[in-house]
Number of protein chains: 2
Amino acid sequence: MKKCNMKITFNRGARMKRAKKKIFHDFITRKGLKSTRQRDVILDYFLSSDRHMSIEDLYLKLRAKHPNIGYATVYRTLKLFAESGIAREIQFGDGQTRYEHVAEGEHHDHLVCTRCGTIVEFKNETIEKLQSEVAASHGFLIETHKLELYGMCAKCRK
Amino acid sequence: MKKCNMKITFNRGARMKRAKKKIFHDFITRKGLKSTRQRDVILDYFLSSDRHMSIEDLYLKLRAKHPNIGYATVYRTLKLFAESGIAREIQFGDGQTRYEHVAEGEHHDHLVCTRCGTIVEFKNETIEKLQSEVAASHGFLIETHKLELYGMCAKCRK
DNA sequence: TTGCTAATGATTATCACTTTCATATTAATC
DNA sequence: GATTAATATGAAAGTGATAATCATTAGCAA
Ligand SMILES: [Mn+2]
Ligand SMILES: [Mn+2]
Ligand SMILES: [Zn+2]
Ligand SMILES: [Zn+2]
């Protein structure tokens, strides 16, 4: 049973990776950019990393196997990921920019544990709808939004 | 009519200022800190400034009349304001920390125009309640939260 | 006043990026 | 496969906001 779930997760993960690689590659082509070894390596690492990773963390992880890839390239490449739509830049107020995986047309918000750093994702359609109403009542047109709940996770409360 | 409203606003503003000055002064005393000319001047400027002011802006405004007050002192003093409860630090993602006025026990969220920078405050009890429910369903205990809606304000849409 | 402590402000440091620029790589064309 | 023009890379220097340092000054209690 456990094995079965793992298999499913693995397959879904692999399919997702392939899809994102294609999206990024198409983006590169469309923009007249070049496909490079560095971009491929960084993409591979990003896709198999935590869902909310700081640039520093990703760079350190990379450096272990690819000491020749520069800091600047990692920064530049993550920006491209965001631009291509496979990643989103997020700030949890700790002074470090993080990049998270995004799926086409999906959106979610975050619960952030201020003790252990755990990040839980959630979706709430009712909240989203109310946000639109608030915006509308002020004549605003929402383009993006940010909802983050900071506090103590279940584990840290014990 | 207009005059009357202005009078009321002025009076409310003056009362509010006095109240905040007292809160800050009590805080200073309680913590064994010292009351200084700089702190008084900065507090006065802060209380009569925009509701969401960057440190830089406040510093420049101050410098016109008080060229002897240092940058570091402004930073330090605004932190004290936040600690004392009369101000709250906010980040709208433009790389500058802002400080906003807060009233005892009050909370509000923000609509931020990405074109002209206009900031509108709003409160929505239903959203707040739903946030608590989301947190509870994940075993989280919320300490603070951040809800910001970014987009185009009514004026900029025209 | 005196004496102790905290505050100030000029300066320097830090930290997370961002830019620069000489060199290397890519990919289209021949 | 060689040529070539354009983009990418990475080491290093630059930035901008904020924090720390430290010699000097100011508040305040006795
Ligand atoms: Mn997420
Ligand atoms: Mn506000
Ligand atoms: Zn936790
Ligand atoms: Zn606007």
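Residue numbers begin at 1 in each chain, while the letters A, B, ... track the order of the sequences. Hydrogens, waters and symmetry mates are skipped; everything else that's a heavy atom, side chains included, is used.
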For B/Glu56 and B/Tyr71, work out which heavy atoms get closest and say how close. OE1-OH, 2.7 Å

What integer distance in Å separates A/Arg63:CZ from D/dA11:P? 11 Å

Test: A/Asp57 and A/Lys61 ion pair at under 4.0 Å: no

Roughly how many Å is it from CG in A/Asp57 to C1' in C/dC15, rounded to a whole number? 15 Å

What's the OH-P distance between A/Tyr59 and C/dA16, to the nearest Å? 14 Å

For the residue pair A/Thr114 and B/Glu143, confirm or rule out a side-chain donor-acceptor distance under 3.5 Å. yes

Is B/Glu148 salt-bridged to A/Lys146, cutoff N-O under 4.0 Å? no

One character per nucleotide, please: for nucleotides 18-27 of chain D, 5' to 3', B when the base has a protein heavy atom closer than 4.0 Å, S when only the sugar-phosphate does, - otherwise. BSBB-----B

Minimum side-chain heavy-atom gap B/Ser84-B/Lys31 below 4.5 Å: no

Ignoring hydrogens and angles, state whether a donor on the side chain of B/His66 or B/Gln38 is under 3.5 Å from an acceptor on the partner side chain. no

Quick one: on DNA chain C, does B/Arg39 or B/Pro67 contact a more 5' nucleotide (nearest heavy atom)? B/Arg39

Can you check the B/Ile42 CD1 to C/dG9 C1' distance for me, whole Å? 11 Å

Tell me: CD of A/Glu83 to C1' of D/dA8, nearest whole Å? 15 Å

Whole-Å distance between D/dA8 C1' and A/Asn68 CG? 14 Å

B/Ile28 CD1 - D/dC28 C1' separation (whole Å): 14 Å

Roughly how many Å is it from NZ in B/Lys31 to C1' in C/dT5, rounded to a whole number? 17 Å

